[in-house]
Number of protein chains: 2
Amino acid sequence: MSVPVGRSPVMADVARLAGVSHQTVSRVLNGHPNVRAETQARVQSAIEELGYRRNSSARALVTRRTGVIGVVAFDTTHYGPAQTLSGIEHAARADGYFLSVVTLQTVTREAVSEAMDYLAQQSVEGYIVIAPKRAVVEGLADQPAERPVVAVEGGEAPDLPVVCVDQFGGGYLATRHLLDLGHRTVHHIAGPGDWLEAEGRIAGWRRALEEAGAPVPDPLHGDWRPRSGYRIGAQLAEEREATAVFVANDQMALGALRALGEAGVRVPDHVSVIGFDDIPESEFFTPPLTTVAQDFSEVGRRGIGLLIDLLEDATDTAPTTPARSVVPARLVTRVSTAPACA
Amino acid sequence: MSVPVGRSPVMADVARLAGVSHQTVSRVLNGHPNVRAETQARVQSAIEELGYRRNSSARALVTRRTGVIGVVAFDTTHYGPAQTLSGIEHAARADGYFLSVVTLQTVTREAVSEAMDYLAQQSVEGYIVIAPKRAVVEGLADQPAERPVVAVEGGEAPDLPVVCVDQFGGGYLATRHLLDLGHRTVHHIAGPGDWLEAEGRIAGWRRALEEAGAPVPDPLHGDWRPRSGYRIGAQLAEEREATAVFVANDQMALGALRALGEAGVRVPDHVSVIGFDDIPESEFFTPPLTTVAQDFSEVGRRGIGLLIDLLEDATDTAPTTPARSVVPARLVTRVSTAPACA
DNA sequence: CTGAAAGCGCTTACAG
DNA sequence: CTGAAAGCGCTTACAG
């Protein structure tokens, strides 16, 4: 054995065993064409015999590429962000990149820039930031940004490449569905005002209403959690005005469904309810929830695709307008929506 | 400016600006004590002026430490794993480590060892593997394992340090709760047979039943998803035998609740149902679900703690028995369980 | 097709 | 308290 015990083998060990120089080993490892087939085979078997593995730090030091993408996500009892993260990871790995992840508890501009700073210590090549709030996106645009950044779920970010689901289209779709069912108007339990997804869904809802010449009630803001949907649902039940409610996510819809049920309001007989997200549970709500599905995996894929383009594009000509990719939303019809009572 | 445009500053640039050698800069950066306060201040301000950031690859090359922990998680529409990952991340960052994450679609021995291989390319210092199936844990023990590995959710792993929630205790708690309510016995909708969590919960359930001298029905296996709970719930409703059902997770409990409701079986009047996980939705199920909560953040924290101990322990004396840390489960009483009808 | 030389940007002994 | 020297393990021109 030419490798001392207790030390992992280095390129020179492989070279010695194969009877070549370490440059030749490097060539083989990097798929360089100018290596004789026989030499290549000898090197390969030396690599396997030794269980050699290239030192990534040494390689990164000279190539100036770490192959690491930094991801800023946030702490989630929510379905969407978790799915998005997973989509990002799969896409990154398929392209041979590594993912270094920081998850945030609070979604503030400061927390995000702190997270990016932390990741910078690890020499990430670029960032994917899940940026669901306006302040975060704006903070992102302010960053010195020596590395490319792609915002995911970032609404219409000012100066950043963005991938997001078509929240506006989803809100429009949901509302249109209810109007088509003959409802005079549609009430809206919205997300918190500073979330871009909430904004987009509100805008789509409003547009559909306006197009139809329907009255536009004030949106009622929850905090995404079931409890807030419950509270607002109870209020709606008491007012006895709404016949159709578009809820900005399935968790709040669950709460609303429960409040309605407790108040003796039957869904969909008395009131139609539609959600947003299509979480795995919503099919088994009481009643099974009509909702709007988002393709989170696709969002992840496109986000990584965009970032890698930025990373690998030789054409370093700064694009006049940053790329922007919008994934369509899709209506999932179940039984919580029905025609308006005549 | 002593730094050419277009190149990020290196230690030598800082040294030049501060009028010292680059070793002194290194000392300041590493908090080495023997640096004159005045020198240190000069170096610090040079660092800030230049916006200098240490090259992590160069550093890792010589220290042989990357500060990166590899995490193998799996694709999750499930609540628990996502929370666990988040707990791991926070704990790691608090200790100054980075997390490189691979998420798996399929939980097989091969997929896990492939993922670990992928992470090895990045020179991770150790691994945290979320290993919820027996085959995975066993595969882990077989690994060459040049780096420390901690299994999370790994039941009673043969030869690995493990952190997990007390599934047995949780199953026992749930069953005991139902027996204490006067039920003659408790039926069990279990998870898939090859999942360690499912096994642990079954064992706890069985023990509670046996201790009470209650009959032990066959456990009915679902696949964790709502639909399987629905199917089994419908079957139970038809048989009209069960008065109390312990369901191995909240998602299946949701399905069961729905099937029971459709069959006209009232919960908890006719049948009591208890779940496991305490997902955010379960409080708003119909009816709100009594369940068993797991502290996923604590699992993540302990997992990282264990791994870092392994990484940093100077006392390299191989412990005779690998560490094992069990996080208790906790009963959350809501309204889906009630005393047995007399 | 292959090897000798230089260098990436740090840290670690070793002097002083 | 501080600096000159060596070296971590690779890749990249440069020769041949």
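Here the structure is a predicted model, which means the values were calculated and not measured. When reading the values below, keep in mind they use all heavy atoms of this one structure, side chains included, and skip hydrogens, waters and symmetry mates.
A salt bridge links Asp194(B) to Lys133(B): at least one charged side-chain nitrogen sits closer than 4.0 Å to a carboxylate oxygen. Between Arg53(B) and Asp117(A) there is a salt bridge, with a side-chain nitrogen of the basic residue lying less than 4.0 Å from a carboxylate oxygen of the acidic one.
Within 4.0 Å (heavy atoms only), Ser57(A) reaches no atom of the nucleic acid at all. Residue contacts shown for Thr39(A) are limited to sugar-phosphate atoms, with no base heavy atom under 4.0 Å away.
In this model, the phosphate group of dC10(C) is approached by a side-chain N or O of Tyr52(B) to a distance below 4.0 Å at OP1 or OP2. Phosphate contact (OP1/OP2 of dC10(D), side-chain N/O of Arg54(A), threshold under 4.0 Å): absent. Considering only side-chain N and O atoms, Arg36(A) lies under 4.0 angstrom from the phosphate OP1 or OP2 of dT2(C). Between Arg64(B) and dG9(D) there is a side-chain N or O to OP1 or OP2 distance below 4.0 Å.
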Next item on the list: Could you provide the dot-bracket string of DNA chain D, using ( ) for intrastrand pairs, [ ] for crossing pairs and | for bases paired to another strand, with Watson-Crick or G-U pairs below 3.5 Å?
Entry: |||.||||||||.|||

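Here the P atom of nucleotide dG7(C) and the CE atom of Met11(A) are 20 Å apart, to the nearest Å. Following rounding to the nearest Å, Leu29(B) (CG) and dT11(C) (C1') show an atom-to-atom distance of 11 Å. The distance between atom NE2 of His32(A) and atom P of dT2(C), rounded to the nearest whole Å, is 11 Å. When the C1' atom of dC10(C) is taken as reference, atom CG of Asp13(B) falls 13 Å away, rounded to whole Å.
With sequence neighbours excluded, no residue forms a side-chain hydrogen bond (donor to acceptor under 3.5 Å, both in side chains) with Gln44(B). Listed by chain and number, the residues in a side-chain hydrogen bond (donor to acceptor under 3.5 Å, both in side chains) with Arg65(B) are Tyr97(B), Glu125(B) (sequence neighbours excluded). A search for side-chain hydrogen bond (donor to acceptor under 3.5 Å, both in side chains) contacts involving Asp95(A) returns nothing, not counting sequence neighbours. For the side-chain hydrogen bond (donor to acceptor under 3.5 Å, both in side chains) test, no residue two or more places apart in sequence or in another chain qualifies with Gln40(A).
Remark on DNA chain D: of its neighbouring residues Glu38(B) and Asn55(A), the 5'-side contact belongs to Glu38(B), judged by nearest-heavy-atom nucleotide. The nearest heavy atom of DNA chain D to Ala58(B) and to Ser21(B) marks one nucleotide each, and the one closer to the 5' end goes with Ser21(B).
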Report each atom pair, protein N/O against N/O of nucleotides 12-16 of chain D, whose distance is under 3.5 angstrom.
none

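Just one residue in the list Leu104(B), Val107(B), Leu196(B), Ile130(B) forms a side-chain contact (heavy atoms from CB on, under 4.5 Å) with Val136(B), and that residue is Val107(B).
With distances taken from any side-chain atom of Leu61(B) to the nucleotides dT11(D), dC10(C), dC8(D), the minimum falls on dC8(D).
Not a single donor-acceptor pair under 3.5 Å links the side chain of Thr24(B) to the backbone N or O of Val20(B). Of the possible polar contacts, none joining the Ser100(A) side chain to the Gly70(A) backbone as a donor-acceptor pair under 3.5 Å is found.
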